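Presented below is the structure to which this report refers.
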Amino acid sequence: MKKELITLNINGDDHEIAVYPWRTLNEVLRDQLHLTGTKLGCGTGDCGACTVLLDGQSVSSCLTLAVEAQGQKITTIEGLALEAAANKDLEKCELDPIQESFIAKGAIQCGFCTPGMIMSTKFLLDHTPKPTEAEIRAGLSGNLCRCTGYNKIVDAIADAAEKISPTK
Amino acid sequence: MSTDHNFSVVGKSLPRSDGRIKAVGAAQYADDIFLPGMLFGKLLRSPVAHARIKSIDTSAAEALPGVKCVITGQDIPKVKYGNWRLVPESQDEYALAIDKVRFIGDEVAAVAALDKDSAEEAIRLIKVEYEELPGAYSVEESLADNAPVIHDEYHQDIPNISLDRKIEYGDLDKAFAEADLVLDDVFTVHATSHAYMEPCSCVAEYDHDGRLTIWTSTQAPYFVQCLLASTLEMRENDIRVIKPFVGGGFGGKMEMRPWEFCAAFIARKLGRPVKFTLTREEELATGRRRHPMRIHSKVGFSKEGMLLAKEFNVHLDGGAYNSMGPTACFLCGNFGAMLYNYPNYRYYGAHVYTNKPPAGAMRGFGAPQALFVAETQMNVAAEKLGIDPVDIRLMNAMETGDEIPGVATISSCGFKESLIKVAEMTNWREKRKNLKPGQGLGLGCYSFISGGVFNWFNTRYNFTSAEVRAFDDGTVHLMTMASDIGQGCDTVLRQILAEELGLKVSDIRLTAADTAVTPQADLGTWGSRVTLMAGNAVRKAAQEIKEELFRMVSLKFDLNVIHDLRCGDGKIYPANRPDRAVPFGEAVRMAQRAKRGEPVIGYGSYTPRNKGLVTPAFSFGAQVAECEVDKETGAVEVKFMTTAHDCGTPINPMSVEGQLEGSVHMGLGYALSEQFIMKEGKTLTTTFLDYKIPCAEDMPPGISVHVDTYEPDGPFGAKEAGEGLVSPTAPAIADAVYAATGYRCMDLPLTPQKVLAGMNKI
Amino acid sequence: MSLPQFTFLAPTSLSEACALLEKHQGTIKIKAGGTDMIVRLSHRAVKPDYLMSIKKIPGLDTISYAPDTGLTIGALALLRAVETSPLILENAPMLARAAHATATVQIRNMGTVLGNVCNASPSADNIPTLVAMHAAIVASNGTTEREIPIDEFFLGPGRTSLQANEIAIAIKVPPLAPKSGVSYQKISPRSKVDIAAVNIGALLTLDENEQCQAVRISMGAVGPTPLRAKQAETYLTDRKISDETLAAAGRLAAEDASPISDVRASREYRKLMVEVLTTRALKEAYGFAKN
Ligand SMILES: Cc1cc2nc3c(=O)[nH]c(=O)nc-3n(C[C@H](O)[C@H](O)[C@H](O)COP(=O)(O)OP(=O)(O)OC[C@H]3O[C@@H](n4cnc5c(N)ncnc54)[C@H](O)[C@@H]3O)c2cc1C
Ligand code: FES
Ligand code: FES
């Protein structure tokens, strides 16, 4: 069977690659482009470690066909800090405020769920800038973490929300 | 001896030193490693639970384009392995099955190919002819007359018992005869998965000078090094194990595993790097798990509530191989006698082979099971005797200085304080009397070890060691084989070193867990041993450096010998003359000059000696669960968790809290939602859709306090915080459910179905 | 695990898509969001030669409402769109609740409501409410369209009455009669985010005397296809609503259910849950109908 030549726009860069149609976006990111910040924890959509943004929507890269990601803007964990740096309002932060809060609040232990958690948080805060605790927890429904018990992640997200859109 | 310690780095909630690299996605885990020319491996696993292998035909797989190597049990050295090297006959596993398969998932063959697709396809093309044997899928079936014998060549007097342990002290018969209340119950507790988020993975590479390097997701690089050496018939020093970032372990990554062997074997054979990464399905269907147990426990009390005797009979359903079962069998007997003073105690534990995926070490290592039983019986006794559950515990609680006959002396203990504290924080006595319908409050307690004193692995090295190199720019380099698998020891060990040397954490560079460069040895991350043991080794190494630098400062100021010297703020100074301070780097320079160029290096090690049979130090704590039960559906919602615990000095309180919250998560899953559903040895719950670890919305909020104690054997008074806390949650929740419904769970997990059955609704 | 090999097709018109279905009958599978299909492929539960994505077909992602015909939800309308659509929140909030109760954020950003329906899983979250609300599936073979009442749509787990050359292009939900209320109840006892062990959709319409004029109850995960609780419906029709009659309806619904034991729940538990959830659903629907 033949590979298809496709162009994927990842974190602002165009990558021209040849892929089999049955390759998932996760396989292409990790195995082909070695953008290994995006993890693979299950391959069946259950854990969220593979979460990336497609045109701003959080999706499981393990269930996305690479050929179908063509023409969309793909953002991975590696791209998040770049985006933050490009945003003038966030000049003070070297990283995305979400990343900063995760570090400061102890939301990271083994770190394997972290990239996916952060991408889900990005989606959540883009749509719900001031989430309640319940909304934060619901926003993480697709991300499993075995280390932290989530509570510090919830704190970190609340902290990031406050940094991004301060109260009053 | 506690609060007046004036630490500058220890006791601070510093963010993890590896937080940033993880937050930007740059941390490399084993599966993130890609080496030039690397092949992809895949294992063929047995589809049957118990069978003799009659033949294996690999020709079609070998003929598949892209396939570079196919190996089976016939190709590898006939060497068994296992972590109990002290008892060689207990080593019962081949990396690839040679004669028999003993569980569904037993590794039978391995393939390496140019890409994953070909490796997977090749696996499908291997033909194995099995002669199926009857299987035994539970302790009862394995111990039945004419049960199939799972290991013909190794067992105790009873065919499927691989190992047993007895403990006995006091006079049980007399004590039971005198008891006013005797509880005699049989409990069953179930298997659960570590469910670490990172599936196991490794990459092996063989150089042209006879050295094999393996990057592997492990908790114990040293174990992997030693066991790879024996199974590959190589020398230990020819094998280099490097632990990259590891995505959690919880006990599931502390043995050498077949894929590590296969990657190494094939890399050596072909001279090309090979990677193996498991799928989640493999992890859940075939991976190690927490021991299911059948526990028969008989306890006697006086009518005043004093514990008189306990007889604790435990059958561990070990699965097809020993794995870490013998250790769990050993420890379970100790946990059965912990927390309270049992004047008369008898333990019999038996590790039973069954045709199921082997159970191994898992967070708590025998404690969650033993304490679910002990704490439930404590709650039952309190009710029967009309004593508050807190009070009956206070009456029997261990204290500093107490002894478990022949086993251990408790060198620090904040158990009573924890009980009092948790009762205060929850307004326990009042609240228990004023529960709304469906509401329940329950109590569970724990104690745990801070590392083991036993040496079944039979290492010839100290249990842990550290090397510290000091530089004249005021920085130091710490080298340790201790393995950070997410629990945060890289940060904590740097804090300990910074405290000892009066430096900042950022002044410390760390190289860890690389068997070729970090000092031999460290037994790994398990049994909550790292903070105490590696922490002590790091301190000792630092003290050597200090001693050397103190000499320089003493010389420089011509100090009277009675002067006490200190390290602090990056300087070294006489305690009562802080003005006479020498910057740390300058002191190093002086020392180096004095030694004509020799570097300043400190070495420290730690091996527990004269610490009884179990551990140098025990942690303690108490937890209250507040639950709401929907009495129509049986659904249990945990609303709040309150914990008071004693981990000695928390080196990093934020990290300790993280361990606590993670433990609550795991305890919650253990109590309510996680379960392997099996049918004749086949695991049916093989995705996270069916194997339900709690998600963010399931996790209750909570508060915790730390009870101040100082552990004399721990670094700066610290002891364990990472495992013990997984134990109290299930009994606390079960007790709360009892308060809400009248159903007393003695058979985990506590499913809605069981709640309704317990309320006689189905 | 890598996906099995297939030829990928991404037609840009309905007629092209249906022609491909016709041509590759038996060896082709449709993919919308793929959240079911890709998982099934990776488990090798299906091994089609051709996988046809319908995502490039224009116009299928709309959600619209007209007072006389009601709601139309296009085949590519995402679960997330249905969950958050103002049109749906206003006109059929229970559909939004059901969409919200489906899977996780990421899956709802990928998966479609119609995919959930066409996947025809007995535990599907969106089906019971749609059944209760008299929905109809609009099927097209590229030239003609037909409407399939949802009661006739499901043939078994994963099997629907779509012809081999048909694509479901939309689902229509008629407007509610006056004094009607709808409820969706789900129990997934082990976690807040979980596949349903039992789920119930109910639509209750009251007459001017506040008696039950009409009622539809759909039960999920208790049979090979969504089941109607016929005995309960008959019992309740023309009856006064009270705690007793609602409880009795729940008991009758449990009799109608024919659940199996599986990894998610036992048969006995499921039956009891049908009773509890049916009563709860009717109670809630009644509350809405009254106001
Ligand atoms: C992690 C995870 C969790 C999930 N949780 C839930 C849950 O809680 N509740 C629940 O109900 N479901 C759940 N699902 C299942 C799935 O997400 C839903 O069923 C989803 O709505 C399917 O939509 P889709 O567009 O992704 O369908 P696809 O996977 O694209 O298709 C599903 C099926 O329908 C067919 N199909 C799709 N569209 C059409 C069409 N227009 N015409 C004809 N046939 C069509 C396909 O051929 C396929 O057989 C879960 C899935 C995952 C991966
Ligand atoms: S890897 Fe994609 S959801 Fe787990
Ligand atoms: S930090 Fe380890 S899985 Fe979340």
Side-chain angles (χ1 to χ4, degrees), chain A residues 20 22 27 30-31 34-47 49 76-81 94-96 98-116 118 133-134 136-154, chain B residues 13 15-16 18-29 31-34 115-117 194-199 245-250 277 279-281 484-488 652 654-655 657-666 668 687-689 693-702:
Chain A
Y20 287 118
W22 56 87
E27 289 173 309
R30 292 183 51 78
D31 300 346
H34 297 179
L35 284 166
T36 53
T38 304
K39 302 299 178 206
L40 182 73
C42 70
T44 46
D46 303 309
C47 77
T76 70
I77 186 73
E78 289 94 345
L80 209 57
E94 256 186 278
L95 300 178
D96 188 284
I98 301 169
Q99 291 168 317
E100 302 274 355
S101 296
F102 267 65
I103 299 167
K105 294 289 172 185
I108 303 174
Q109 289 191 26
C110 81
F112 199 78
C113 71
T114 306
I118 290 177
E133 184 183 329
I136 294 175
R137 289 185 186 271
L140 299 179
S141 65
N143 293 81
L144 297 176
C145 173
R146 192 52 154 175
C147 301
T148 64
Y150 306 101
N151 290 349
K152 298 222 176 306
I153 295 176
V154 173
Chain B
S13 287
R16 292 283 174 91
D18 54 7
R20 194 179 161 104
I21 193 170
K22 288 173 174 172
V24 301
Q28 274 205 335
Y29 300 77
D31 189 53
D32 299 339
I33 297 170
F34 291 86
D115 57 83
K116 286 184 199 168
D117 295 15
H194 308 87
Y196 35 70
M197 280 300 127
E198 182 210 8
F245 283 99
V246 171
F250 312 110
T277 301
T279 63
R280 180 58 60 185
E281 194 180 346
D484 197 328
I485 57 169
Q487 88 279 26
N652 184 323
M654 183 161 79
S655 243
E657 250 179 54
Q659 287 297 313
L660 184 146
E661 288 164 2
S663 297
V664 169
H665 162 95
M666 221 177 243
L668 185 74
T687 65
F688 280 140
L689 212 52
I693 76 168
C695 64
E697 287 178 279
D698 299 319
M699 180 69 189

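Everything numeric in this text was worked out from a predicted model, so none of it was measured. So that the names make sense, note that chain A is the first sequence line, chain B the second, and so on, each numbered from 1.
Options B/Gly19, B/Pro15, B/Gly247, B/Ala23 differ in how many heavy-atom pairs under 4.5 Å they form with chain A, and the most are formed by B/Ala23. Each of B/Gly249, B/Gly486, B/Ser13 has some count of heavy-atom pairs under 4.5 Å with chain A, and the biggest count is that of B/Gly486. Interface summary for chain A: among B/Ser655, B/Ala27, B/Gly248, B/Pro199, the most heavy-atom pairs under 4.5 angstrom belong to B/Pro199. Between chain B and the residues A/Leu35, A/Asp31, A/Ile136, A/Ile98, the largest count of heavy-atom pairs under 4.5 Å involves A/Asp31. Residue with the most contacts toward chain B among A/Thr38, A/Val154, A/Asn151, A/Ile153: A/Asn151 (heavy-atom pairs, distance under 4.5 Å). The most heavy-atom pairs under 4.5 Å with chain A, out of B/Met197, B/Arg280, B/Gln487, come from B/Met197. Note: B/Pro694 leads B/Gly488, B/Pro701, B/Pro694 in heavy-atom pairs under 4.5 Å with chain A.
Of the atoms belonging to B/Asp698, not a single heavy atom falls under 4.5 Å from chain A. For B/Ala26, no part lies under 4.5 angstrom from a heavy atom of chain A. With a 4.5 angstrom heavy-atom cutoff, B/Val246 touches chain A only via backbone atoms. Interface remark: A/Thr148 contributes backbone atoms only to the contact with chain B (heavy atom separation under 4.5 Å). Of the two parts of A/Ile118, only the side chain, counted from C-beta on, holds a non-hydrogen atom closer than 4.5 Å to a non-hydrogen atom of chain B. Heavy atoms closer than 4.5 Å to chain B are found in both the backbone and the side chain of A/Lys152. Neither the backbone nor the side chain of B/Glu281 comes within contact range of chain A; no heavy atom of the residue lies under 4.5 Å from a heavy atom of that chain. Contact annotation for A/Ala49: neither backbone nor side-chain heavy atoms come within less than 4.5 Å of a heavy atom of chain B. Heavy atoms of B/Ile485 lying under 4.5 Å from chain A belong exclusively to its backbone.
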- Task: With side chain to side chain contact (heavy atoms under 4.5 Å, CB included) as the test, would you mind laying out the steps for A/Asn143 and A/Cys47 before giving the verdict?
- Result: CA-CA 5 Å; A/Asn143 293 81; A/Cys47 77; over 6 Å; no
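At distances below 3.5 Å, not a single donor-acceptor pair connects side-chain atoms of B/Glu697 with backbone N or O atoms of A/Ser141.
Not counting sequence neighbours, the partners of B/Tyr196 by the side chain to side chain donor-acceptor pair (under 3.5 Å) test are B/Glu283. Contacts of A/Glu133 classified as side chain to side chain donor-acceptor pair (under 3.5 Å), with partners at least two apart in sequence or in another chain: A/Arg137.
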